[in-house]
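One structure is given below, encoded as structure tokens.
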Amino acid sequence: MKHKIRYLKNTAGRLAPFISPYKGGFFLSVLMVCLTTLTLSISPSVEGMATTLLVQNARDLMRKVPGASVEFDRLGRLIAVLLGLYLLKTLTQSVMAFALTGSIQSAMHDLRDAVEKKLARLPVKYFDAHPFGDVLSRVTNDLDTLSNGLQQTLMQILSGILQIILAFAMMLSINRLMAAVVFLIVPSAVLITRFVVIRSQKLFLGQQNTLGKLNGAITEMYTGYKEIQLFNKQEEAVLDFEAVNEELRDNAFKAQFMSSLISPLVSMSTYLVIGVVAIIGCLLALNGSIQVGQIQAFVRYVWQVNDPMSQVSNFSAQIQAAFAALSRIAQILDEEELAEPQVPARLSEAPGTIVFEHVYFGYEPGKPIIRDLNLTVKRGQTVAIVGPTGAGKSTIINLLMRFYDADSGRILMDGTDIRDMTREDLRKNMAMVLQDTWLFNGTIYDNLRYGRLDARRDEVIAAAKLAGVHHFIKTLPGGYDMIVNEEGSNISQGEKQLLTIARAILKAPQILILDEATSSVDTRLEKHLQEAMATVIENRTSFIIAHRLSTIRNADLILVLDHGDVVEQGRHTELLKKGGFYARLYNSQFSHSSG
């Protein structure tokens with residue numbers, strides 16, 4: 001139990017920095033809740049006084065007491081007081097809702113910002129290790145669950161506690177014996193709540209985790225929709241979805257059912273107490289120790305104790321879901337960021353020599369991909385990296401761009417360790433064209449100038465012409481102003497690759513990285529692109545990853561990788577003369593293409 005309390009306390013503490021700036025709104029909400037609860041607690045007593053007055057007047061009239069009549073003036077004053085209390089309650093509830101909603105939504109706004117900024121600072125390995133759908137679920141569903149939980153339960157809990165305290169105070173003022181009987185509700189409700197909450201918290205965490213799995217499955221299913229259709233795996237995809245959906249249903253059912261047991265169990269104990277109180281109240285009324293209106297007010301106060309306790313079931317479900325959601329959000333906020341230097345080194349406008357010194361790296365501990373890489377690349381050189389799949393070609397680029405940091409060794413740029421530079425400063429002189437292209441939802445023009453927002457339209461068009469994509473763009477409806485949809489499915493893969501090349505050209509980087517940048521274009525267009533790229537890479541340091549070895553004949557240096565090791569390096573003709581690994585790769589492609 002201590003561990004549970006510590007967990008709840010630590011988890012709730014994560015919200016403090018986001019709530020603190022809006023504590024004025026929360027304080028106003030608390031004040032309004034206190035006033036609302038006070039009016040709620042006074043109302044039964046006034047109603048009881050009105051009932052007692054009517055009963056006394058009716059009894060006097062029935063007994064034909066001289067001068068007996070209905071005291072309308074006094075009754076009217078009591079009704080006026082009641083109306084004032086009800087109006088005050090409505091007003092304070094409205095002010096509380098306004099202040100609370102504004103404060104909570106502002107805090108959630110800041111929390112979303114913090115999560116978004118945190119995601120921007122996380123290393124690539126975090127996204128490699130976590131399904132996209134699960135990350136998306138944490139940023140959307142979990143934040144919504146937390147927001148709804150705070151909105152619907154925060155003040156209700158405070159109101160319920162105050163309501164119980166004031167109700168007991170009023171009951172004690174009416175009759176202590178009856179109040180003592182009612183007091184039995186509290187320990188029974190606490191025991192019931194504790195029993196249910198302990199068993200349901202794990203179920204709610206499981207519910208949120210399974211919801212993340214479901215989002216991941218849906219995202220994977222629809223992003224890979226064409227592949228599922230291609231391999232006729234629709235039935236298997238549906239079965240996989242149904243399995244996760246079934247797991248979510250089971251977890252949600254268990255969590256909701258367990259938490260919903262609180263209300264009927266607490267209400268059962270309340271009904272028993274009301275029965276006992278009614279008997280005691282009647283006996284006391286018969287001997288004149290208590291008035292009828294006081295019994296009525298007392299029963300109202302019993303329900304004021306029962307209501308917040310029976311609502312614990314709803315509160316429990318929402319609070320536990322909110323705590324589970326906050327715990328998952330906190331996991332993102334607690335993730336280790338890639339460290340930035342406190343006093344960063346600055347790159348020159350035209351970075352020079354790049355040196356890899358005894359670089360070792362593996363995506364998993366004990367499984368190195370790159371082993372003792374030593375390489376010197378001078379300014380303006382074109383370096384081609386070749387080798388079979390899984391040899392570590394893209395890994396070298398990931399290390400150079402600091403998507404990952406080397407396990408040991410270092411990478412120097414103009415004699416400075418790149419870990420001593422900020423990633424922003426390091427990457428501002430780089431442009432990269434990937435094999436897997438990505439265009440954002442927006443116009444073609446905006447996509448082309450993404451890496452250089454201050455580019456003029458004529459510069460954008462010049463880059464498109466250099467990449468050989470200008471004519472294609474002009475044939476599209478809207479030309480440069482055509483909207484690319486979210487999936488980029490209204491443009492072919494080859495055309496998207498041309499657009500990303502134009503985007504890189506427009507940035508005019510000092511270091512250009514091409515990772516299979518021409519893999520989706522035909523041979524004729526590839527030849528044109530090679531000529532264009534020859535102009536682009538002139539006087540720029542370039543890294544080219546290529547499977548088509550015919551495209552890198554003019555590279556200044558060719559690195560041949562195999563299982564993370566540089567097995568050969570040199571120029572194209574030199575490596576062919578050696579008759580080694582590169583020659584076998586080249587000849588196998590040539591023979592295959594000839595055949």
Side-chain angles (χ1 to χ4, degrees), residues 1-15 104 108 111 115 130-131 133-154 156-157 160-161 187-219 239-269 307-335:
M1 187 62 183
K2 290 182 179 179
H3 174 73
K4 193 71 175 177
I5 294 174
R6 191 182 304 113
Y7 161 76
L8 295 175
K9 183 178 179 181
N10 292 339
T11 303
R14 300 306 304 271
L15 275 178
I104 288 178
M108 292 301 100
L111 181 57
V115 171
H130 292 79
D134 183 63
V135 175
L136 182 63
S137 181
R138 292 172 191 252
V139 178
T140 54
N141 292 337
D142 288 338
L143 272 165
D144 284 343
T145 299
L146 176 60
S147 176
N148 293 334
L150 291 176
Q151 189 72 50
Q152 298 175 18
T153 63
L154 196 59
Q156 283 84 341
I157 292 174
I161 294 172
S188 62
V190 169
L191 290 174
I192 291 170
T193 302
R194 178 183 175 183
F195 174 83
V196 174
V197 168
I198 290 175
R199 284 157 179 77
S200 60
Q201 180 61 38
K202 291 181 179 179
L203 297 175
F204 276 102
L205 184 58
Q207 174 184 314
Q208 292 301 119
N209 287 333
T210 309
L211 182 60
K213 287 174 60 179
L214 183 68
N215 282 323
I218 293 172
T219 302
L239 290 174
D240 290 342
F241 172 82
E242 288 179 348
V244 181
N245 195 26
E246 185 79 12
E247 183 181 353
L248 177 59
R249 186 195 69 171
D250 292 343
N251 286 337
F253 171 78
K254 292 175 183 177
Q256 298 294 336
F257 174 74
M258 180 63 72
S259 65
S260 67
L261 291 177
I262 296 176
S263 181
L265 292 175
V266 171
S267 294
M268 182 183 67
S269 61
D307 287 346
M309 287 188 173
S310 61
Q311 289 174 4
V312 168
S313 61
N314 296 328
F315 296 160
S316 173
Q318 292 172 345
I319 290 172
Q320 290 179 87
F323 267 102
L326 180 57
S327 176
R328 284 165 49 82
I329 295 168
Q331 289 174 4
I332 292 181
L333 297 176
D334 290 339
E335 283 291 333

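No hydrogens, no waters, no symmetry mates; every other heavy atom, side chains included, goes into these values. By convention here, the first residue in the shown sequence is residue 1.
Checking each of Val139, Leu143, Thr145 against Ile329 for a side-chain contact (heavy atoms from CB on, under 4.5 Å) leaves exactly one that passes, namely Leu143.
Contact record, Ile104 with Ser147: CG2-O, 4.2 Å, taken as the closest heavy-atom pair. Here the shortest heavy-atom pairing between Ala322 and Gly149 reads CB-CA, 4.2 Å. Between Gln207 and Ala252, the shortest heavy-atom contact is OE1-CA, 3.5 Å.
In this structure the side chain of Arg328 reaches within 4.5 angstrom of the side chain of Asn209, judged on heavy atoms. The side-chain heavy atoms of Leu248 and Lys213, taken from C-beta on, include no pair separated by under 4.5 Å. Within the 4.5 Å cutoff, no side-chain heavy atoms of Val244 are placed close to those of Ile218. Looking at Arg138 and Val115, their side chains never come closer than 4.5 Å, going by heavy atoms from C-beta outward.
Partners of Asp240 by salt bridge (charged side-chain N to carboxylate O under 4.0 Å, His left out), not counting sequence neighbours: none found.
The CD atom of Gln151 lies 11.0 Å from the CG atom of Leu146; values are rounded to the nearest 0.5 Å. A distance of 8.0 Å separates CD1 of Ile332 from CG of Asp134, quoted to the nearest 0.5 Å.
Remark: Asp250 does not engage Lys254 in a salt bridge, criterion side-chain N to carboxylate O under 4.0 Å.
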